[in-house]
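The structure appears right after this line, and notes come after that.
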Amino acid sequence: MGDKFQLIHDVSPGTAGWTVKVVVAEKFSPRVAQRSPTKYQNLILMDSEGSTVQATLYGQNITTFQDELILGKTYLISNALVKETNAEYKAKSGEIQWTISGRTRIRRVEENNSNLLISTYSFTDFEDLPKYMDSNVDLSVIGMIIDIKPRRIIQTRFGKECQVQDLVLVNKRFDTVLLTMWEAFVDNECKYICQNLKKKTCSDWKASQSLSISTKADSSFFIDGEFELVEEFKSWGHTNSEIIDNMISEKHYLTSTPSKLFSKLSVLTDEKDFTEIKSIQGLKTVKQFFWIKGRASVKVLNQTYWYMSCNNCNKISSENYGDIYPCVFCKCTDAKAIPRAKVYMQLTDPTGYINATAIGNPAEYFLQSNAQILMNQTLIPTAASMRLSIDEDEIFYVKAITQELSPDCKFEILFIVNPSQIAGDKNKGKAPVEHIGEPIKFLEPTTKRSLFHSDTDDAQSSKKKCDKSTIEITKKNQ
DNA sequence: CCCCCCCC
């Protein structure tokens, strides 16, 4: 890791223009907030000095960035939202948290910093595992996978059905342990391991497949995509390929496993990991559309009247104007970063007022400006530089988004129609042909889910899954 | 369709 970049400690709330090179040291499973339907995912990032910072992803960004921030990989990160952790919860003052969102710039660096990462782990010897049985401690082990058993369904003591799958690990002393993967780990990590197993010849695989497992909290465990994480196991595997071959083919560690030795180190018993159905039953986002005839004006002058966007999907971009880049949202490989107008304003009619946001065309129409001008404008605008209020009635098509736990609706202006454009009452109730706004598109509801996302998506519906992996002890192989 | 923020 070079040192031309800042370190985690150099970045405080308000620090500008920073870039930190980090390794994704831990990646926790996405969770649903206890007091709101918000989904969040915490990561631990580590810089070249081994300092760490907690980074959080929210909502849709979790799936958006899941292939972007891979455990064990190195990234250059800039422009994350940096703030002190909530005073209500922080253990000590000065604790910093990064929020990763669409405006965060993330660049993959092809560097292997696994040694740095590994150096922060303390691994428990397989032979010491029995003393931790049933103690519910978090620990890490390191080893090579030499077998994957079929997945199976078990019933927990609460009657819940869980899918599990066993892996057999071997360490450098040829001790074996059975690692049981639970729920989402079966769908994700086990599937991933199996895929790689099929792609490679047996000797390639066993010689290079190495991993470290952390049962820390609900953290994912490490499996490096290219299996380069634990170099030392590569050479060990090559040197001892005959013995490992024999273990794989003979499987004598299985026949010599007394079932009574199977005892879980940790069981999912934490009641607070489960969600009461009644607390999620009524939750839904209500969206309503309606028309308002009235006037609009900007009340908050000091706001940002634009954001950098993807020319393909309009989502926020972390790139510089004009740059061609792969968009994390729409996956367009040659997206272009272009400004998009945005304005926060107040709508009034004789009965009252609401605050509303307009984005894109309606914003440009209202401001009588365009995104590029807005982007280049450095001073707080005045009425001379853009229109800040409309002095005659216009018709606004507004979307209301009611948010759980937020007392106020948020309003968004989808388009603006000048009343003169509407000829008489014949068009009443119809969308006008000429409107100032985005083209109206009627899209089939789409789902962005893919198989590999099912973990996160299920996590919010069924709340927290039991995604801990437990280590079960098998008889040693010698 | 887009912005903002969000959790322990």
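In this structure, NZ of Lys315(A) is placed 5 Å from P of dC2(B), rounded to the nearest angstrom. Between Asn61(A) atom CG and dC5(B) atom P the separation is 11 Å, expressed in whole Å. Taking atom CZ of Arg340(A) as the reference point, atom P of dC3(B) lies 9 Å away to the nearest angstrom. What separates CD of Glu412(A) from P of dC5(B) is a distance of 15 Å, to the nearest Å. In this structure, Tyr305(A) atom OH and dC4(B) atom P are separated by 17 Å, rounded to whole Å. When rounded to the nearest whole Å, the span between CH2 of Trp98(A) and C1' of dC5(B) equals 19 Å. Whole-Å rounding puts the Tyr58(A) OH to dC3(B) P distance at 17 Å. dC6(B) atom C1' lies 13 Å from atom CD of Gln54(A), rounded to whole Å.
One finds the CZ atom of Arg387(A) at 11.0 Å from the OG atom of Ser369(A) (value rounded to the nearest 0.5 Å).
Below 30°, between 30° and 60°, or above 60°: for Phe65(A) and Phe329(A) the angle between ring planes is above 60°, a perpendicular geometry. Using the six-membered ring where Trp is involved, Phe415(A) and Trp291(A) have ring planes that are perpendicular, over 60° apart on the 30 and 60° scheme.
The side chain of Arg103(A) contributes no N or O atom lying less than 4.0 Å from OP1 or OP2 of dC3(B). The side chain of Lys83(A) places an N or O atom within less than 4.0 Å of a non-bridging phosphate oxygen (OP1 or OP2) of dC6(B).
Between the side-chain ring of Tyr307(A) and the base of dC3(B), no stacking contact exists by the 5.5 Å and 30° definition.
Residue-level contact check: Gln303(A) touches neither bases nor backbone, having no heavy atom under 4.0 Å from any strand. Residue contacts for Thr38(A): at a heavy-atom cut-off of 4.0 Å it reaches a base atom on one of the strands shown.
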Carefully, step by step, assess Lys293(A) and Asp349(A) under the rule salt bridge (Lys or Arg N to Asp or Glu O under 4.0 Å).
CA-CA 7 Å; Lys293(A) 187 173 187 180; Asp349(A) 76 355; over 6 Å; no

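Checking dC8(B), dC2(B), dC3(B) against the side-chain heavy atoms of Leu414(A) singles out dC2(B) as nearest.
Looking at Tyr58(A) and Gln41(A), their side chains never bring a donor and an acceptor atom within 3.5 Å of each other.
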